[in-house]
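Encoded as structure tokens, the structure appears first; notes follow it.
Each chain gets a letter, A, B and so on, in the order the sequences are listed, and its residues count up from 1. Below, all heavy atoms of this structure are taken into account, side chains as well, without hydrogens, waters or symmetry copies.
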Amino acid sequence: MDYQFRAIEEKWQKYWAQNQTFKAETNSTKPKYYVLDMFPYPSGAGLHVGHPLGYIASDIFSRYKRLKGFNVLHPMGYDSFGLPAEQYAIQTGQHPAITTEANIATYRRQLDQIGFSFDWSREVRTSDAGYYKWTQWIFMQLFNSWYNLETDRAEDISTLIEKFQTAGNADVKAVCDEDVAPFMPSDWSTFSSEEKQVQLLKYRLTYLKESTVNWCPALGTVLANDEVKDGFSERGGHPVEQKKMMQWSMRISAYAERLLQGLDTIDWPEPIKEMQRNWIGKSVGASVRFSLEDLEHSTLHAPRSANYIEVFTTRVDTIFGVSFIVLAPEHELVKSLTTDAQQQDIDNYIAQTKKKSELDRMADTKTVSGAFTGSYVINPVNNEKVPIWIADYVLAGYGTGAVMGVPSGDQRDWLFATHFNLPIIQILDGQKNIDIEADATKEGRYINSGFIDNLGYKEAISYLNHWLEREGVGKAKVNYRMRDAIFGRQRYWGEPIPVYFKNGLPYLIQEEELPLVLPEIDKYLPTESGEPPLGRAEDWVPCHGESYELSTMPGWAGSSWYWYRYMDSKNDTSFASKDAIAYWKDVDLYIGGSEHATGHLLYSRFWNKFLKDLGYVNEEEPFKKLINQGMIQGRSNFVYRVVDEEGRGTNKLVSFGLRKEYKTMALHVDVNIVENEILDLEKFKVFRPEFEDAEFILENGKYICGVEVEKMSKSKFNVVNPDVLIEGYGADTLRMYEMFLGPLEQSKPWNTNGIEGVFKFLRKFWRLFHNEEWVFNVNDSIPTKAELKALHKIIKKVQDDVERFSFNTSVSSFMIAVNELTDLKCKNRQVLEDLVVVLSPYAPHICEELWELLDHTDLSNTPYPTFNPAYLEENEFAYPVSVNGKMKMNLNLSLSLDEAAVKEIVLANEQIQGYLEGKEPKKIIFVKGKIVNLVV
RNA sequence: GCUCGGAUGGUGGAACUGGUAGACACGCAGGACUUAAAAUCCUGUGCCCUCAACAGGCGUGCGGGUUCGAUUCCCGCUCCGAGUACCA
């Protein structure tokens, strides 16, 4: 029988499903291996050919690991809460649960026909109440926890309450809001329970607080920093503005240092680690207090609310070079610092910055602007009077929202000083040309710097840090750029936050009340009063309080712990059993896109560390090894329509090579009717009926299309659907072709042109087991040396390739192996059996079929063939010998010779002698026992 | 601006620790089989000079360097892609 891929694939997909072939058992005598894919958001468009790339790679790896004797967990599920389903619901009134269900069905059908070895019995969906019950439960644990800096871990809130009762909050070292007011144990005992709640909220790991948020008016919701790109929402590309709102946040900043340190312990691509490091943005420096100059006659508009300004700097050593202080325009002290004389200036400036959108402010980094407050501070190191300015190059959100201006050492300060005529003081003898630009060097000795004169950089930093601390005006400090993550979304299609309000304060619902089920509503828009959609839910009232929290959780909540749910997805009493977590531990291999670097991959590490602190999980890091598959871009094809003088399209289309001779416009053409850039004219006339009687100007009788790389999208007619390719070539061909396309981690445009080659290979492979009449034909002869050599070459190659995720090179090697065995007319059972096993991770269907024809069962549990290097040994080898690096000749020599014998034969060779011109070689270079070069 | 990644034939790509660059595949050209087509098989295919062969020259973005020998290592640049952006 010819290679009937359709029948074969259908047969084995059914077999795998019925026999639950890939069901992973928790506990086994085999070692565990956990291979995870980033689960998809089931969008309405279904899978295109780029989506399965990572899944195919992880599937090959999983199947390979099974052959290697591991107990493999390879699950799949859906990240099924999210914006698109809700946007669709707003437009159509269709409940998001219904569209999501339909999309999942499409995804499942598409995934199934590729023949993945997923254990579907463990499937999860983040929008299932049985799943989000535990997302809500984790939220409750976070709410009930605080971060103790002394033990450097999260602890139950009860240990904090105990400290408050016995010692107040003065000695508590915690990550908390900046505005905690000190209180004594005696105060605590007099606090009402509501006052206690208010205090505790400042310490909880999820907290409700008035904060500046990214508000997206078009989506009607707030967004986390990683969901905003260049001032626009990541989903939909709508403008985002800053707004103050009461919002739920997660205190991820508590974990900043551990998230940073942990990166050194995991095997991830360096670029992703680097992105997370940048995102966390650790800077080591010092905070310094500049006390405000006393004003004898108050000329201030408002009373002072503090008597010092705190700045953060990474260069305390430059403190003697300070010639001004700059506050962010939003800084809370600005009002109370401004003198009557400067009031107008300051008001104008603040009004001006407010008008500038966040985008303008980012785009315009050249213009220097600012305003003087009229007030001064005293520099603690030399008691000099320093003016206080405001300027929008200082950000309220970073550090203390105030900087010390050192024009000689910082370019922005230099520009500011030059623009406003402030002094520029040289502080290091190593600084050059500071009249032209700032010089941030750390080289040289300090000058004009009082008591640190003549010190070098390192001594100056450490001396000053001690000095500041001793004088009580500052101390060494580490700052992180990473903000706490905004957690509430004013949307419907997400996990309800398990919180109710009483007298304006948030309280957790009872654990027994979980899951807090998403209520039904009639419309998916905000209420008339501007509340989130959940405000429309009638009769949705908590038993103890006045109302539920109306925000839902962000998209990343459900995906921040899902790998644990797969370990024990049906568990009703915990998110996963202790036993399952102890057995599966962590993800050994995680494959997914790099777009999640500062979102999902950071939040997951955060939640994992938190769950570890509370003792629910055992590993500090969730994903031991990470691989990023490259993005598959679209590859668009174009036809060129001739246009007339006025630029109107005519009824003529010119082939790519001749288009320069005419005035043309390029039109997208469906890539599915173009093969090797040759347009199928008949199909084109169906695709574009208006060109039915168009004139085609051909070259060599063909219409050649133009090519461009663009994003894959329907509107560009460059979407290639895997269903179509599976229909024409089968899943095994698709799997191997996706791997053949290039290195897994590299982004590349999709190009179907080469798929024929892979298809031909599978047919040759099939033919290897059959005779000319397509009758199955293998024999029990003794394998020849050549056959064994071809076999063991591929056994080793695939093993090496899979271990280093170089799947594309193995596909080529399979082709070579099959060609060799075909040439050898190999029909040997022993050799062919091993070949089937080696190929099975890549092309599982055809291999299962052949395995059955070979009278075997249970291919997925067959051991991977053992490589025997003895079969690769050659009696003779040919290698090039050169003289002085110039290629001279090839010699055939026996492998058994040692270096001395090789040397003797090479030197005795007449041709070599001729090249040497009678001289003795100065040096003889051996590589792996062979002479490659003679140096004269 | 900063950080990271990349550049190899007509195309996708290979070359794993410096050792015959271009494996494998696509495409193209020619041939076999066939009434014909499809399918299959065979041959050739980096560029230049040459009718062709032999032989030779040039070749891994550009310019240098280290080395007997560099796609691979080092220095300087160009271009492309990604991330990030007044972070003090």
| request: Remember a base hit wins even if backbone is also touched, and classify A:K282 as base, sugar-phosphate or nothing at under 4.0 Å, heavy atoms. | output: nothing

| query | Near A:K903 NZ, under 6.0 Å, is it more than 12 heavy atoms from other residues, nucleotides or ligands? | reply | no

| request: Scan A:P743 against the nucleic acid and name what it touches under 4.0 Å (heavy atoms): base, sugar-phosphate only, or nothing. | output: sugar-phosphate

| request: Could you please name the option among B:U3, B:A88, B:A23 that lies closest to any side-chain atom of A:E274? | output: B:U3

| field | B:G18 and B:U72, which share atom name C1', separated by this distance in whole Å | value | 6 Å

| field | Base paired to B:U43 (Watson-Crick or G-U; both N/O distances under 3.5 angstrom) | value | B:A29

| request: Please determine which of A:T313, A:T318, A:D317 meets the side chain to side chain donor-acceptor pair (under 3.5 Å) test together with A:R315. | output: A:D317

| How close or far is atom P of B:C26 from atom OH of A:Y737, stated in whole angstroms? | 10 Å

| field | Residues A:R277 and A:E270 bridged, charged N to O under 4.0 Å | value | yes

| Charged tip of A:R412 within 45° of A:Y393 ring normal and under 6.0 Å | no

| request: Quick one: classify the glycosidic conformation of B:G5 as syn or anti, with syn meaning within 90° of 0. | output: anti

| query | Of the nucleotides B:A25, B:A14, B:C87, which has the atom closest to the A:N819 side chain? | reply | B:A25

| message | If I take atom CD from residue A:E274 and atom CD1 from residue A:I272, how far apart are they, to the nearest 0.5 angstrom? | response | 11.0 Å

| said: Just N and O in the side chain of A:N479: are any of them under 4.0 Å from OP1 or OP2 of B:C87? | reply: no

| said: Does B:G81 have OP1 or OP2 under 4.0 Å away from a side-chain N or O of A:Q746? | reply: no

| CZ of A:R763 versus C1' of B:A25: gap in Å, rounded? | 16 Å

| query | Taking OP1 and OP2 of B:G12, is either one under 4.0 Å from a side-chain nitrogen or oxygen of A:R635? | reply | no

| task | Answer with base, sugar-phosphate or nothing: what part of the nucleic acid does A:R767 contact at a heavy-atom distance below 4.0 Å? | result | sugar-phosphate

| said: Using atom C1' in both nucleotides, what's the gap between B:U60 and B:G9 to the nearest angstrom? | reply: 10 Å

| For atom P, what is the distance between B:U78 and B:G63, given to the nearest Å? | 15 Å

| Closest-nucleotide ordering on RNA chain B, the 5'-leading residue of A:F312 and A:I678 | A:I678

| Ring centroid separation A:F805 to A:F61 under 6.0 Å | yes

| field | Whole-angstrom distance between B:G46 and B:U20, as gauged at atom C1' | value | 16 Å

| task | Tell me whether the OP1 or OP2 atom of B:C4 has a side-chain N or O from A:K273 closer than 4.0 Å. | result | no

| said: What's A:R277 touching, base or sugar-phosphate or nothing? Going by heavy atoms closer than 4.0 Å. | reply: nothing

| message | For the CD atom on A:E675, are there more than 12 heavy atoms of other groups (residues, nucleotides or ligands in this structure) within a distance under 6.0 Å? | response | no

| message | Without decimals, in angstroms, what is the distance between A:E677 CD and B:C26 C1'? | response | 11 Å

| query | What integer distance in Å separates A:D800:CG from B:A23:P? | reply | 21 Å

| Complementary nucleotide of B:G19, counting Watson-Crick and G-U pairs under 3.5 Å | B:C68

| query | Counting any heavy atom closer than 4.0 Å, what does A:D413 reach on the DNA or RNA strands: base, sugar-phosphate only, or nothing? | reply | nothing

| In terms of side-chain heavy atoms of A:T809, which of B:A88, B:A15, B:C26 is nearest? | B:A15

| message | So if I take every side-chain heavy atom of A:M275 and compare against B:A85, B:A88, B:G83, which nucleotide ends up nearest? | response | B:G83

| message | Using the C1' atom as the point on both nucleotides, what is the distance between B:U66 and B:C58, in whole Å? | response | 24 Å

| query | Taking for each residue the nucleotide of RNA chain B with the nearest heavy atom, is it A:S283 or A:E756 whose nucleotide lies nearer the 5' end? | reply | A:E756

| request: Could you tell me whether A:D410 contacts a base, only the sugar-phosphate backbone, or nothing, with contacts defined as non-hydrogen atoms closer than 4.0 Å? | output: nothing

| field | Inter-residue atom distance A:F814.CZ - A:F740.CZ, 0.5 Å rounding | value | 13.0 Å

| B:G81: pairing nucleotide in any strand, Watson-Crick or G-U under 3.5 angstrom | B:C4

| query | Within this structure, what is the CE-to-P distance between A:M404 and B:C87, rounded to whole angstrom? | reply | 15 Å

| query | When you look at NZ of A:K796, are more than 12 heavy atoms from neighbouring residues, nucleotides or ligands closer to it than 6.0 Å? | reply | no

| said: What is the distance, to the nearest angstrom, from the CD1 atom on A:I272 to the P atom on B:U3? | reply: 18 Å

| request: Output the single nucleotide from B:C86, B:C24, B:C26 whose closest atom is nearest the side chain of A:I816. | output: B:C24

| task | Check the distance between B:C26's P and A:W750's CH2 and give it to me in whole angstrom. | result | 15 Å

| task | Look at all strands and tell whether A:L741 reaches a base, only sugar-phosphate, or nothing, counting heavy atoms closer than 4.0 Å. | result | sugar-phosphate

| If you measure from the P atom in B:C42 to the same atom in B:C24, how many Å do you get, rounded? | 13 Å

| task | In whole angstrom, give me the gap between the P atoms of B:A15 and B:A25. | result | 16 Å

| task | Would you indicate which nucleotide in B:C87, B:C26, B:C41 comes nearest to any side-chain atom of A:K764? | result | B:C41

| From B:C24, B:U84, B:C86, nucleotide with atom closest to A:D392 side chain | B:C86

| task | Quick one: label A:F740 by what it contacts on the DNA or RNA (base, sugar-phosphate, nothing), any heavy atom closer than 4.0 Å. | result | base

| request: Among B:C24, B:A15, B:A88, find the nucleotide with the atom closest to the side chain of A:S812. | output: B:C24

| query | So which nucleotide does B:A14 pair with, by the Watson-Crick or G-U wobble rule with both distances under 3.5 Å? | reply | none

| request: Let me know the distance between CD of A:E738 and P of B:A25, rounded to the nearest Å. | output: 20 Å

| Nucleotide forming a Watson-Crick or wobble pair with B:G59, both distances under 3.5 Å | none

| said: Suppose you measure atom P in B:G61 against the same atom in B:C16; what distance do you get, rounded to whole Å? | reply: 16 Å

